[in-house]
Number of protein chains: 2
Amino acid sequence: MSETYGIPRPSLRRLPIYYRHLIEMAERQVPYVSSKDLGQNAGVPASQVRKDLSYLHEYGRPGVGYDTKALAGYLEEFLGLANDKEAILVGVGNLGRALTLYPGFAQYGLQIIALFDIDPAKIGQTVGDREVLPMFKLVDLARRLKVQMGIITVPPHAAQEVASAMVSGGIKVIWNFAPCKLTVPAEVLVKSEDLAAELAALSHHIMRRSQVLAPATE
Amino acid sequence: MSETYGIPRPSLRRLPIYYRHLIEMAERQVPYVSSKDLGQNAGVPASQVRKDLSYLHEYGRPGVGYDTKALAGYLEEFLGLANDKEAILVGVGNLGRALTLYPGFAQYGLQIIALFDIDPAKIGQTVGDREVLPMFKLVDLARRLKVQMGIITVPPHAAQEVASAMVSGGIKVIWNFAPCKLTVPAEVLVKSEDLAAELAALSHHIMRRSQVLAPATE
DNA sequence: TATACTTTGTGACAAAAGTAACAAACGTTG
DNA sequence: CAACGTTTGTTACTTTTGTCACAAAGTATA
Ligand SMILES: NC(=O)c1ccc[n+]([C@@H]2O[C@H](COP(=O)([O-])OP(=O)(O)OC[C@H]3O[C@@H](n4cnc5c(N)ncnc54)[C@H](O)[C@@H]3O)[C@@H](O)[C@H]2O)c1
Ligand SMILES: NC(=O)c1ccc[n+]([C@@H]2O[C@H](COP(=O)([O-])OP(=O)(O)OC[C@H]3O[C@@H](n4cnc5c(N)ncnc54)[C@H](O)[C@@H]3O)[C@@H](O)[C@H]2O)c1
């Protein structure tokens with residue numbers, strides 16, 4: 001069962017897309033949004049949208065659509081976007097810096113409250129108001145501040161040790177950008193973002209595409 | 001049918017993970033790798049690995065496993081990782097810079113051959129040996145060099161116009177990091193990496209987790 | 001060679017996800 | 001208010017994906 005307290009995983013992952021469209025529509029003062037609308041924006045059929053929303057228990061009005069603000073508010077609550085979520089980020093390299101400086105995450109309630117690195121040259125530097133701290137402070141800080149999320153942007157060979165430190169610090173959710181497998185206790189959730197793997201899958205498409213399109217002899 | 005020339009999409013996306021483990025094992029001179037091994041590394045059951053590999057037509061040896069180098073080589077060919085794929089990247093901000101400077105993509109055959117931005121302050125700058133070019137050069141350059149992939153790392157409000165320019169330049173595959181929907185002709189493949197949406201889905205888990213774990217009264 | 005292990009490939013089955021269809025609900029228009 | 005178009009919630013169905021189980025194929029050992 002890949003369910004997550006009642007809602008299938010693929011549905012859950014579509015909700016933020018709907019949410020984003022609703023916010024946009026709310027800004028434009030559009031009072032109602034239809035499943036057709038939401039579907040076109042998300043690239044899924046309207047029936048899919050209705051099914052996804054039926055897992056939640058917020059209802060729309062036949063002939064009209066969904067109340068824009070009400071549904072946006074409900075999704076915000078369901079996804080916990082209004083709740084503040086505090087995170088630490090380890091590995092202040094190019095990617096870590098980009099994630100730290102990205103303002104979009106704050107709109108979803110994420111606060112990156114501390115940065116860590118092993119490189120003495122980086123420790124003490126400031127990135128977006130936050131100072132880069134040495135690794136030995138990680139476990140204690142995470143524990144003291146009850147940090148909810150850990151973001152890993154170190155090279156893969158260092159990722160496991162960072163993950164273990166986060167676990168020691170009581171962190172229960174890890175967002176991992178290093179291309180490797182992490183071993184953690186069962187109660188810890190690891191979500192990996194493997195961009196290189198996505199690229200490799202895309203690479204296959206590019207090949208097949210040029211094969212199909214180039215020798216147009218047939 | 002979400003098949004991709006015979007192989008289901010989820011299987012295709014697991015292949016790079018297997019590939020990575022095989023490369024590691026090859027470096028350690030391990031001659032054979034079993035489906036159990038591959039599965040543990042990828043976080044899927046061994047039967048899943050065998051099924052995925054059965055879509056390709058490279059076979060393993062019962063009682064032994066898969067020939068490490070042979071399978072790695074076959075996956076490399078199947079995924080087209082050895083083929084050079086030329087890409088342009090538009091939007092040399094924090095994320096664009098990180099992607100440009102990341103050496104890992106080159107291992108998968110990706111060459112980012114040109115950078116573009118609209119900001120006069122960035123045009124002419126150099127990022128990892130590549131000069132940032134003005135937007136008006138995009139279409140012509142893409143067409144002349146038969147660029148295969150476009151990478152979009154501009155703010156969402158600018159993404160559609162960039163995508164359209166890429167299409168005009170004959171680009172057939174777009175890797176989009178802006179959190180928005182892109183409308184392109186059917187023959188163009190868009191793969192979107194929506195990190196904020198992933199975060200929002202994670203946010204839901206964090207909420208549910210703290211609810212389940214904190215009030216342990218029941 | 002016989003026997004005791006491993007491990008593969010696959011076909012049958014189970015679960016999950018997506019699609020389509022439609023009655024019921026609603027608004028609008030004349 | 002009746003007729004018509006729109007849109008919902010849900011059910012039934014199809015397709016896709018994942019899991020399991022096992023015969024067959026291989027290795028190792030005595
Ligand atoms: N940059 C990208 O576009 C990109 C794309 C895909 C994947 N990734 C992955 O993301 C991760 C980070 O990539 P990057 O480009 O930012 O790398 P980077 O080399 O720029 O940064 C890595 C940082 O981690 C620090 N670090 C190394 N070992 C550490 C340790 N044991 N503890 C704490 N800090 C440590 C380094 O000092 C450095 O600051 C890598 O795993 C990479 O494979 C990056
Ligand atoms: N940085 C992150 O961690 C992160 C995370 C999730 C999503 N994103 C998305 O990735 C994209 C880039 O993020 P970023 O943090 O690098 O932003 P950024 O503001 O640092 O960089 C954006 C760049 O795009 C350029 N640009 C703007 N309009 C343009 C146009 N019309 N044509 C060409 N170039 C243009 C800007 O000059 C700037 O250099 C955004 O869409 C953002 O939402 C970023």
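Computed from a prediction, not measured in an experiment: that's the story for all the values here. Throughout, a chain's letter reflects where its sequence line sits, starting with A, and its residues are numbered from 1.
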Tell me which residues in residues 30-44 of chain B put a heavy atom below 4.0 Å from DNA chain D, sorted by number, or none.
none
Under 4.0 Å from OP1 or OP2 of dG9(C): is there any side-chain N or O of Tyr66(B) that close?
yes
Can you list, by residue number, the residues of residues 13-26 of chain A that have a non-hydrogen atom closer than 4.0 angstrom to DNA chain C?
Arg14(A)
Test salt bridge (charged side-chain N to carboxylate O under 4.0 Å, His left out) applied to Arg97(A) - qualifying residues, sequence neighbours left out:
none
Measure from NZ or CZ of Arg13(A) to the centre of the six-membered ring of Tyr19(A) and say whether it is under 6.0 Å with the direction within 45° of the ring axis.
no
Using the test salt bridge (charged side-chain N to carboxylate O under 4.0 Å, His left out), find all partners of Lys36(A) that sit at least two apart in sequence or belong to another chain.
none
What pairs of residues pass the side-chain hydrogen bond (donor to acceptor under 3.5 Å, both in side chains) test when at least one of them lies in residues 146-171 of chain A, not counting sequence neighbours?
Gln160(A)-Ser164(A)
Which nucleotide in the set dT17(D), dG18(D), dG9(C) lies at the smallest distance from any side-chain heavy atom of Pro8(B)?
dT17(D)
Could you write nucleotides 21-29 of chain D as a row of B, S and -, 5' to 3', where a protein heavy atom under 4.0 Å of any base atom gives B, of only sugar-phosphate atoms gives S, and otherwise -?
B---BSS--
List for me each residue that meets ring pair (Phe, Tyr, Trp, His ring centres under 6.0 Å) alongside Phe105(A), sequence neighbours excluded, and say none if there are none.
Tyr102(A), Trp175(A)
Enumerate, atom names and distances included, each donor-acceptor pair closer than 3.5 Å involving a side-chain atom of residues 106-113 of chain A, sequence neighbours excluded.
none

What parts of residues 191-202 of chain B reach DNA chain C, counting only heavy atoms under 4.0 Å away?
none
Quick one: stems for DNA chain D, with Watson-Crick or G-U pairs under 3.5 Å, at least three in a row?
C:1-30 with D:1-30
Distance test, side-chain N/O of Gln48(A) to OP1/OP2 of dA17(C), below 4.0 Å:
no
Test: Glu24(A) and Arg28(A) ion pair at under 4.0 Å:
yes
For Arg50(A), give me all partners under salt bridge (charged side-chain N to carboxylate O under 4.0 Å, His left out), at least two apart in sequence or on another chain.
none
No-H, no-angle donor-acceptor pair, Lys51(B) side chain to dT19(D) base, under 3.5 Å:
yes
Using the side-chain hydrogen bond (donor to acceptor under 3.5 Å, both in side chains) rule, collect all pairs that involve residues 54-71 of chain A, keeping only residues at least two apart or in two chains.
Tyr32(A)-Arg61(A)
